[in-house]
Amino acid sequence: MTDQPDVQRVQTASRDNSTVIDLREYKKNKDPLPVTFHRRELDAILRIYGRMVGEGEWRDYAIDHLKEKAVFSVFKRSGEMPLYRIEKNPKLAAKQGAYCVVNVDGRILKRGHELPQVLKVFDKVLKLIE
């Protein structure tokens with residue numbers, strides 16, 4: 001038996017030795033979990049989203065949890081390209097900041113280490129120019 005009953009382990013035997021493999025670590029290394037938004041991050045994003053829906057600027061959204069980053073996309077109409085993407089990329093946390101807001105052209109409007117500071121870009125009047 002192991003000293004940790006909640007951890008599944010597999011023991012493989014070979015001619016000379018045996019190896020113990022932790023299945024959780026093996027699965028995590030083989031297929032890493034996607035990056036997700038935490039509850040407080042989603043609360044802040046949905047607060048902005050609700051305000052913009054009330055103003056008639058936004059109408060739909062999509063959330064993507066990818067291996068490298070999490071993306072919250074907002075749309076004027078669901079069949080179009082997203083007006084803005086709010087991205088969380090943990091690999092950039094030590095450098096430029098994990099959070100950024102990207103517009104429809106792919107330009108980064110604001111980037112930073114803290115989500116509330118990055119979301120202040122929506123406090124300014126941003127309008128889509130056609």
Side-chain angles (χ1 to χ4, degrees):
M1 281 312 240
T2 63
D3 52 305
Q4 296 178 341
D6 61 334
V7 176
Q8 292 180 331
R9 295 184 183 268
V10 172
Q11 186 170 2
T12 59
S14 65
R15 292 180 184 171
D16 300 325
N17 61 6
S18 63
T19 306
V20 177
I21 301 170
D22 185 350
L23 284 180
R24 286 186 189 163
E25 288 298 319
Y26 176 77
K27 287 180 182 178
K28 187 189 302 183
N29 291 335
K30 186 171 178 149
D31 189 23
L33 295 175
V35 177
T36 61
F37 288 109
H38 298 291
R39 183 175 180 90
R40 288 189 178 158
E41 294 167 338
L42 274 177
D43 285 346
I45 293 170
L46 290 173
R47 194 173 305 118
I48 298 288
Y49 177 78
R51 188 185 80 211
M52 298 301 271
V53 166
E55 293 175 8
E57 295 291 320
W58 298 349
R59 295 193 182 193
D60 201 4
Y61 72 91
I63 300 175
D64 296 308
H65 295 151
L66 309 170
K67 289 182 182 180
E68 301 278 323
K69 60 185 174 181
V71 181
F72 186 96
S73 304
V74 293
F75 300 87
K76 180 73 170 180
R77 292 175 194 84
S78 60
E80 296 179 348
M81 294 287 292
L83 294 175
Y84 300 101
R85 293 187 326 261
I86 302 166
E87 298 182 357
K88 175 185 177 182
N89 189 342
K91 288 186 177 182
L92 297 176
K95 298 175 185 174
Q96 304 164 347
Y99 304 100
C100 69
V101 174
V102 181
N103 71 359
V104 71
D105 298 331
R107 278 185 281 157
I108 297 174
L109 301 177
K110 187 138 183 171
R111 172 173 277 160
H113 296 281
E114 300 195 17
L115 184 61
Q117 286 298 109
V118 172
L119 293 177
K120 286 187 179 182
V121 74
F122 295 114
D123 291 343
K124 301 173 187 171
V125 178
L126 296 177
K127 300 268 182 185
L128 178 64
I129 301 172
E130 294 183 20

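Throughout, residue positions are numbered sequentially from 1 according to the sequence presented.
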Exercise. Could you tell me which non-hydrogen atom of S73 sits nearest to which non-hydrogen atom of P82, and how far apart they are?
Key: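 Shortest heavy-atom separation between S73 and P82 comes out as CB-CB, 3.8 Å.
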Separation of [Y] [atom2] from [X] [atom1] (nearest 0.5 Å):
X: T36; Y: E41; atom1: OG1; atom2: CD; value: 8.0 Å
X: H38; Y: D43; atom1: NE2; atom2: CG; value: 12.5 Å
X: L42; Y: F72; atom1: CG; atom2: CZ; value: 7.5 Å
X: E87; Y: F37; atom1: CD; atom2: CZ; value: 8.0 Å
X: D123; Y: R51; atom1: CG; atom2: CZ; value: 5.5 Å

Side chain of [X], backbone of [Y]: donor and acceptor closer than 3.5 Å?
X: D105; Y: R107; result: no
X: K76; Y: M81; result: no
X: K110; Y: L119; result: no

Taking the side chain as every heavy atom from C-beta outward, state whether [X] and [Y] have any atom pair closer than 4.5 Å.
X: V74; Y: I48; value: no
X: Y61; Y: I45; value: no
X: R111; Y: K95; value: no
X: I86; Y: L115; value: yes
X: L92; Y: E68; value: no

Quiz item: L109 and Y84: side-chain contact (heavy atoms from CB on, under 4.5 Å), yes or no, with the steps?
Solution: CA-CA 9 Å; L109 301 177; Y84 300 101; 3.6 Å; yes
Are [X] and [Y] linked, directly or through other ILVMFWY residues, by side chains that come within less than 4.5 angstrom of each other?
X: V35; Y: Y99; result: no
X: V118; Y: Y49; result: yes
X: F122; Y: I63; result: yes
X: V53; Y: V121; result: yes

